[in-house]
Amino acid sequence: MKMKIKLLLIIILLAAASMYYYVTIPAVNIHSSGFWMFIISLVIVLTLLLSIKYIRRGDSFREVKPLKIGFVTASLLLIIYVIGGVLSSPIVNAKKYHELLPVQEGTFTEDIAEVNYNEIPLLDKSSATLLGNRKMGSLIDMVSQFEVSSLYTQINYQGKPVRVTPLVYASPIKWLTNMKEGIPAYIMIDMTTQDTECVRLPEGGYIKYSQAEYFNRNIYRHLRFRYPTFIFDQLSFEIDEEGTPYWICPVKKFNIGLFGGETIGKVVLCNAVTGETFCYDIADCPQWVDSVYSANLLIQLYDYYGVYMNGFFNSILSQKGCLQTTDGYNYLAMEDDVWVYTGITSVSGDESNVGFVLMNQRTMEAKYYSCPGAEEYSAMNSAEGQVQNLGYHSTFPLLLNVANEPTYFMALKDDAGLVKKYAMVNIKKYQNVAIGDTVAECEKAYIGLLKTNGISSGPVSVGEKQTGIIETIAPVVSEGNSHYYVVLNGKDLIFDVLVSEFPGIIRYKEGDRITIEYIAGEKVQTVTGLQ
């Protein structure tokens, strides 16, 4: 009878351990904190089960051998775990943390080509989410069964920046009624044109492996059963050049002690339709893959590089030479890769940057560019100040090369999240702000500012030029801004002069001679310079 009870207890313990493992799916790896907690918990539970009969008899702790062994074992495991954590920390490994990310010095005008409008992602993630939800609402046959995932991974697809995200089941009931086939489509948003497409998979092709599944087809559980020892970092959803959906699953590599110095050592690609997996070393990762290193991981690695360059205690006390990334980032498409951009500032928290860094999401290559200037949020406030009467809000800036000048580019959105205008702000002199209804118009106005203020280091084009006698000059107010409309003798063109940019226009009157540099438009010509 006692043997049957023991056997039953063992079966219950194994069943409970199996259920715990199935739900939490920790990696069987000494670098996994979850695995240590699983083993320690298992030792404690097993110890209690084996000690029940002794405890019921009233035996003292010293007399209960299983309890003593279990207590010592659990204590030793916990001590090893704590010591391993301390020895993995920056307190004793500041130099190693500093060296995790090799950083090269870059030359801005050589490394970053001048702006190409076909490669500028005009939307941020929140705007993409808005477009994706609107598109989903128009799909009558799917909107009641599926929703759009919040992932929205930014990738380069066939030479253009896009965001892609899968659909997910709208509820557990919708999962139950659709799980046999799977998820039929994903959303793709062109970040340059804002075109939004629901890409339906070929007949018979459904996304069967995703984060929206509950049991064995859940992507995390599917990966765990195939790779029980791998510790995965943040997963991303991508498509290859043929549009086939994949899960990009980076595998963590611990370079410092038991738990410290995380980078990526391998990457697993999982076909979201078939579940087939492929494991690559980082150096062999296919070119079409963009998101091996997450933006958060790269930013953390640069912070290690900047903060610990002179040791741990310096980072706490004098903080001499300590640098850190700013509170935000964006993406830049270069050479068929996606690079994370963020500004670099001192740890003192001032409102200026000492430079910026670009980090490759596929290779971890990092390039630092020395460029003292405005911190991103200062530039955003400067842009918003130009349209404060309209109440528009700026997106986090994107770094562009405009006329060989490092330039912040941002979209200006209304309260509904719709992009209404665009802004360019010079990084070195963030008071120089150009606004435009289109990207091309914004750039031309910005180039005009560069020339007018003598900022540009090279030749710039400011459009066309007209010289003549003023026939008519009239003040107007447009969207809360003061303008002067000017017509020259013998010319059919109407020139639009923004007073905030060219206050000297108020000195002119009819009959005065003037030279106007301008950008050609359909109804009015936007003035970029006065002489």
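Numbers here are sequence positions counted from 1.
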Quiz item: At their closest point, which heavy atom of Y152 faces which heavy atom of N133, and how far apart are they?
Solution: OH-N, 4.1 Å
Self-check item: Side chains of Y209 and N218, donor plus acceptor under 3.5 Å
Solution: no
Exercise. For the pair H222 (side chain) and G275 (backbone), establish whether a donor and an acceptor sit closer than 3.5 Å, ignoring hydrogens and angles.
Key: yes
Quiz prompt | Non-neighbouring partners of E262 that pass salt bridge (charged side-chain N to carboxylate O under 4.0 Å, His left out), sequence neighbours left out | solution = K252
Practice problem: Examine the side chains of T345 and T326 and answer whether a donor and an acceptor come within less than 3.5 Å of each other. | Solution: no
Quiz item: F108 vs F356 aromatic rings, parallel, tilted or perpendicular, using cut-offs 30° and 60°?
Solution: perpendicular
Quiz item: Between the side chains of W175 and E213, is a donor N or O closer than 3.5 angstrom to an acceptor N or O?
Solution: yes
Exercise. Just grab all the ring-ring contact (aromatic ring centres under 6.0 Å, His included) pairs involving residues 270-302, residues at least two apart or on different chains.
Key: Y246-W288, Y302-Y305
Practice problem: Taking the side chain as every heavy atom from C-beta outward, state whether V251 and Y227 have any atom pair closer than 4.5 Å. | Solution: no
Quiz prompt | For N330, side-chain contact (heavy atoms from CB on, under 4.5 Å) partners two or more places apart | solution = Y341, F396, L398
Quiz item: Just by distance, do the side chain of S127 and the backbone of L123 share a donor-acceptor pair under 3.5 Å?
Solution: no
Quiz prompt | Whether N353 side chain and G343 backbone form a donor-acceptor pair below 3.5 Å | solution = no
Practice problem: Give a yes or no on whether the backbone of E405 and the side-chain of T407 come within a donor-acceptor separation of less than 3.5 Å. | Solution: yes
Exercise. Could you please spell out the steps behind the side-chain contact (heavy atoms from CB on, under 4.5 Å) verdict for H31 and I231?
Key: CA-CA 8 Å; H31 297 294; I231 303 174; 3.8 Å; yes
Quiz item: side-chain contact (heavy atoms from CB on, under 4.5 Å) between V402 and N426: does it pass, once the steps are laid out?
Solution: CA-CA 9 Å; V402 182; N426 188 266; over 6 Å; no
Quiz item: Quick check: are there more than 12 heavy atoms from other residues, nucleotides or ligands sitting under 6.0 Å from NZ of K125?
Solution: yes
Practice problem: Compare all side-chain heavy atoms of I248 with those of E238 and state whether any distance is below 4.5 angstrom. | Solution: yes
Practice problem: Using modelled atom types only, decide if a donor and an acceptor are shared between the side chain of Q158 and the backbone of E241 within a distance under 3.5 Å. | Solution: yes
Self-check item: N/O donor-acceptor pair under 3.5 Å between S32 side chain and N29 backbone
Solution: no
Quiz prompt | Under the side-chain contact (heavy atoms from CB on, under 4.5 Å) test, residues paired with Q287 that sit two or more places apart | solution = D336, D337, R362
Quiz item: If every non-hydrogen atom of Y304 is compared with every non-hydrogen atom of L100, which pair is closest and at what distance?
Solution: CD1-CD1, 4.1 Å
Exercise. Step through it carefully: locate the ring centre of Y331, locate the ring centre of W339, and say whether they are under 6.0 Å apart.
Key: no
Quiz item: Do K266 and F230 come within less than 4.5 Å of each other through their side chains, counting heavy atoms only?
Solution: yes
Quiz item: Who pairs with K420 by salt bridge (charged side-chain N to carboxylate O under 4.0 Å, His left out), at least two apart in sequence or on another chain?
Solution: D414
Exercise. Report yes if the side chains of I187 and L167 come closer than 4.5 Å at any heavy-atom pair, otherwise no.
Key: yes
Practice problem: Assess the side chains of T395 and K413: does a donor N or O sit below 3.5 Å from an acceptor N or O? | Solution: no
Quiz prompt | S294 versus D233, closest heavy-atom pair with distance | solution = OG-OD2, 3.8 Å
Practice problem: Answer yes or no: is there a donor N or O on one side and an acceptor on the other, between the side chain of S18 and the main chain of L14, under 3.5 Å? | Solution: yes
Self-check item: Non-hydrogen atoms of N156 and P161 that approach each other most closely
Solution: OD1-CA, 3.9 Å
Quiz item: What pairs with K208 under side-chain contact (heavy atoms from CB on, under 4.5 Å), at least two apart in sequence or on another chain?
Solution: R217
Self-check item: Pairwise side-chain contact, Y214 with P172, heavy-atom cut-off 4.5 Å (strictly under)
Solution: yes
Exercise. Kindly compute the distance separating CD1 (I173) from OG1 (T177), expressed to the nearest 0.5 Å.
Key: 8.0 Å
Exercise. Return yes if some donor-acceptor pair links the side-chain N/O of T107 with the main-chain N/O of E110 below 3.5 Å, else return no.
Key: no
Run the side-chain donor-acceptor check on residues 198-206: report pairs under 3.5 Å with partners two or more places apart or on a different chain.
residue, atom, partner, partner atom, Å
R200, NH1, D141, OD2, 3.0
R200, NH2, D141, OD1, 3.2
R200, NH2, D141, OD2, 3.2

Quiz item: Can you list the residues that meet the side-chain contact (heavy atoms from CB on, under 4.5 Å) rule with L323, with sequence neighbours excluded?
Solution: I344, V354
Quiz prompt | Exercise: do T263 and N255 side chains pair donor with acceptor under 3.5 Å | solution = yes
Quiz item: Is the shortest heavy-atom distance from the side chain of E105 to the side chain of K367 under 4.5 Å?
Solution: no
Quiz item: Excluding sequence neighbours, so at least two apart, what forms side chain to side chain donor-acceptor pair (under 3.5 Å) with D303?
Solution: T325
Exercise answer: donor-acceptor pairs, residues 380-387 side-chain atoms, under 3.5 Å, sequence neighbours excluded:
residue, atom, partner, partner atom, Å
N381, ND2, Y377, O, 3.1
S382, OG, Y430, O, 2.9
E384, OE2, S394, N, 2.9

Quiz prompt | Exam field: side chain D240 to backbone G243, donor-acceptor pair closer than 3.5 Å | solution = yes
Exercise. State, with a plain yes or no, whether a side-chain heavy atom of L297 is found less than 4.5 Å away from one of I264.
Key: yes
Quiz item: For D415, what residues pass the salt bridge (charged side-chain N to carboxylate O under 4.0 Å, His left out) criterion, not counting sequence neighbours?
Solution: none
Quiz prompt | Beyond-backbone contact of W247 with Y220, side-chain heavy atoms, under 4.5 angstrom | solution = no
Quiz item: Partners of R221 by salt bridge (charged side-chain N to carboxylate O under 4.0 Å, His left out), sequence neighbours excluded?
Solution: none
Quiz item: Looking at V439 and Y422, what are the two nearest heavy atoms and their distance?
Solution: N-CD1, 3.8 Å
Practice problem: Output yes when a side-chain donor or acceptor of N401 lies under 3.5 Å from a complementary backbone atom of I112, and no otherwise. | Solution: yes
Self-check item: Nearest heavy-atom neighbours spanning Y97 and P90
Solution: CE1-N, 3.5 Å
Quiz item: Between F35, F38, F259, which is the residue that forms a ring pair (Phe, Tyr, Trp, His ring centres under 6.0 Å) with Y81?
Solution: F259
Self-check item: Point-to-point distance, once rounded to the nearest 0.5 Å, from CG of N93 to CG of L87
Solution: 7.5 Å
